[in-house]
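The structure under discussion is supplied below as structure tokens; questions concerning it will follow.
No experiment lies behind these values; they were computed from the predicted model shown. Keep in mind that the numbers below use all heavy atoms, side chains included, and drop hydrogens, waters and symmetry copies. Throughout, protein chains are lettered first and strands after them, A, B, ... in sequence-line order, and every chain is numbered starting at 1.
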2 protein chains.
Amino acid sequence: MRADILKGHLDLLLLAIVEDGPFHGYAVIEELRRRTDGAIDLPEGTIYPALHRLERAGLLTSSWSEVNGRRRRSYTITSPGKKAAREKRREWSTFALTVQRVVGAPAWPTMA
Amino acid sequence: MRADILKGHLDLLLLAIVEDGPFHGYAVIEELRRRTDGAIDLPEGTIYPALHRLERAGLLTSSWSEVNGRRRRSYTITSPGKKAAREKRREWSTFALTVQRVVGAPAWPTMA
DNA sequence: GTTGTCACCTAGGTTGACTAGGTATAGCGT
DNA sequence: ACGCTATACCTAGTCAACCTAGGTGACAAC
């Protein structure tokens with residue numbers, strides 16, 4: 001998948017993942033790949049700065065640990081982070097429905 | 001709606017509109033506003049360069065006309081443009097479903 | 001004759017993801 | 001021993017795309 005279309009949605013993806021338990025940066029990349037069967041496979045140069053930005057914004061906190069001789073920075077979602085995740089989910093929902101209205105033809109099944 | 005989250009999807013929106021008949025730039029803006037009840041309301045500085053880009057790419061063609069003493073540049077979709085629209089719709093569909101898988105909780109109704 | 005709508009344009013700024021480098025440890029194969 | 005791959009982190013600078021902020025000009029209404 002072309003990755004530039006993620007623009008503006010990356011924060012939601014990261015918050016949604018870290019919301020499901022502490023993840024370190026590298027593991028976030030793997031988890032994104034796992035949840036999407038490889039469709040979303042982002043480089044470290046995208047993920048690390050984004051996590052730093054979210055931490056600076058107070059939506060995540062991090063702590064260092066060492067596992068098998070390797071340093072890890074693990075991220076946990078904060079209370080404002082959870083709130084932001086809820087808002088961004090809502091935003092995404094609105095956005096997706098709005099695009100659908102413009103381009104017609106629902107992209108996803110509307111029947112079970 | 002914050003407009004920066006449109007990044008990468010604008011071309012699809014424009015192709016989808018012009019696909020439904022010739023539109024001039026200003027009318028595209030109005031049509032976007034109309035189809036979304038004002039949710040998507042983009043400035044001319046976004047639309048005009050985007051239409052120029054699509055024309056340079058061969059996905060649209062344009063012709064000048066004059067209506068009520070005002071110059072209009074009307075855009076029509078080309079055959080490659082229709083193909084691109086189909087591809088971008090598919091891309092959008094994939095993207096939307098993929099994001100949904102990552103963030104969980106479907107954003108749109110899955111039952112009628 | 002000023003204000004509002006229609007209708008076009010572009011140079012330059014901002015933002016956000018990516019490229020392309022770098023550091024360092026562990027494990028595997030040869 | 002040496003190289004290669006995987007794990008795990010980092011950042012400076014680039015690039016693409018959208019927006020800001022200006023500009024031109026015609027028409028209609030007050």
How long is the line joining CG of Leu12(B) and C1' of dA17(D), in whole Å?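 So the CG-C1' distance, Leu12(B) to dA17(D), works out to 16 Å.
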Apply side-chain contact (heavy atoms from CB on, under 4.5 Å) to Arg72(B) and list each qualifying residue two or more places apart in sequence or on a separate chain.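 Residues passing side-chain contact (heavy atoms from CB on, under 4.5 Å) with Arg72(B): His24(B), Ser65(B), Val67(B).
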Please evaluate residues Arg34(A) and Glu31(A) with respect to the criterion salt bridge (Lys or Arg N to Asp or Glu O under 4.0 Å), reporting the C-alpha separation (whole Å), side-chain torsions for both, the decisive distance (0.1 Å), and the verdict. CA-CA 5 Å; Arg34(A) 194 188 66 74; Glu31(A) 179 69 6; 2.8 Å; yes
Going by side chain to side chain donor-acceptor pair (under 3.5 Å), name the residues that satisfy it together with Arg101(A), two or more places apart in sequence or in a different chain.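 In terms of side chain to side chain donor-acceptor pair (under 3.5 Å), with neighbours along the sequence ignored, Arg101(A) is linked to Asp37(B).
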Rounded distance (Å) that lies between atom C1' of dA17(C) and atom CD1 of Ile40(A):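 In whole Å, dA17(C) C1' and Ile40(A) CD1 are 13 Å from each other.
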Nucleotide dA7(C), atom P - distance to CZ of Arg33(B) in whole Å: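 The distance from CZ of Arg33(B) to P of dA7(C) comes to 12 Å, rounded to the nearest Å.
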Specify the residues of residues 63-77 of chain A, ordered by number, for which at least one heavy atom lies under 4.0 angstrom from an atom of DNA chain C.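 Result for residues 63-77 of chain A: Asn68(A), Gly69(A), Arg70(A), sorted by number.
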Can you tell me which nucleotide in dC9(C), dA17(C), dC18(C) comes closest to the side chain of Pro43(A)?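 Nucleotide nearest to Pro43(A)'s side chain: dC18(C).
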What donor-acceptor contacts under 3.5 angstrom involve side-chain atoms of residues 50-59 of chain A, with partners at least two apart or in another chain?
from     : atom 1 : to       : atom 2 : distance (Å)
His52(A) : ND1    : Tyr48(A) : O      : 3.4
Arg53(A) : NH1    : Asp11(A) : OD1    : 3.1
Arg53(A) : NH1    : Asp11(A) : OD2    : 3.1
Glu55(A) : OE1    : Ser62(A) : OG     : 3.3
Glu55(A) : OE1    : Arg73(A) : NH1    : 3.3
Glu55(A) : OE2    : Ser62(A) : N      : 3.2
Glu55(A) : OE2    : Ser62(A) : OG     : 2.7

Whole angstroms only, please: what is the CG-P distance between Leu6(B) and dG16(C)?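 It works out to 14 Å between those atoms.
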Would you check if the side chain of His9(B) reaches a backbone N or O of Val99(A) as a donor-acceptor pair within less than 3.5 Å?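 Such a contact is absent between His9(B) side chain and Val99(A) backbone.
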So, the side chain of Thr94(B) versus the backbone of Arg90(B): is there a donor-acceptor pair under 3.5 Å, distance only?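 Checking the backbone N and O of Arg90(B) against the side chain of Thr94(B), a donor-acceptor pair under 3.5 Å is found.
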For this output row, return yes or no: ring centroids of Trp64(B) and Tyr75(B) closer than 6.0 angstrom.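 No, the ring of Trp64(B) stays outside the 6.0 Å limit from the ring of Tyr75(B), centre to centre.
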Which of parallel (below 30°), tilted (30 to 60°) and perpendicular (above 60°) describes Phe95(B) and Trp92(A)?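 Ring orientation, 0 to 90° scale: perpendicular.
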Ignoring hydrogens and angles, tell me if any N or O in the side chain of Ser93(A) forms a donor-acceptor pair with the backbone of Arg89(A) under 3.5 Å.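 Such a contact is absent between Ser93(A) side chain and Arg89(A) backbone.
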Could you check which residues of residues 46-56 of chain A get a heavy atom under 4.0 Å from DNA chain C? Sort them by number, please.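 Residues of residues 46-56 of chain A that come under 4.0 Å of DNA chain C are, in numerical order, Thr46(A), Arg53(A).
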Locate the shortest heavy-atom distance separating Pro43(A) from Ile29(A); write the atom from each residue and the value.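 It is C-CD1, 4.5 Å.
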Whole Å only: how far is the CG atom of Leu42(B) from the P atom of dT20(D)?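 That distance rounds to 10 Å.
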Any residue in residues 18-29 of chain A with a heavy atom nearer than 4.0 angstrom to DNA chain D? Just list them by number, or reply none.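 Nucleic-acid contacts, sorted: His24(A), Gly25(A), Tyr26(A).
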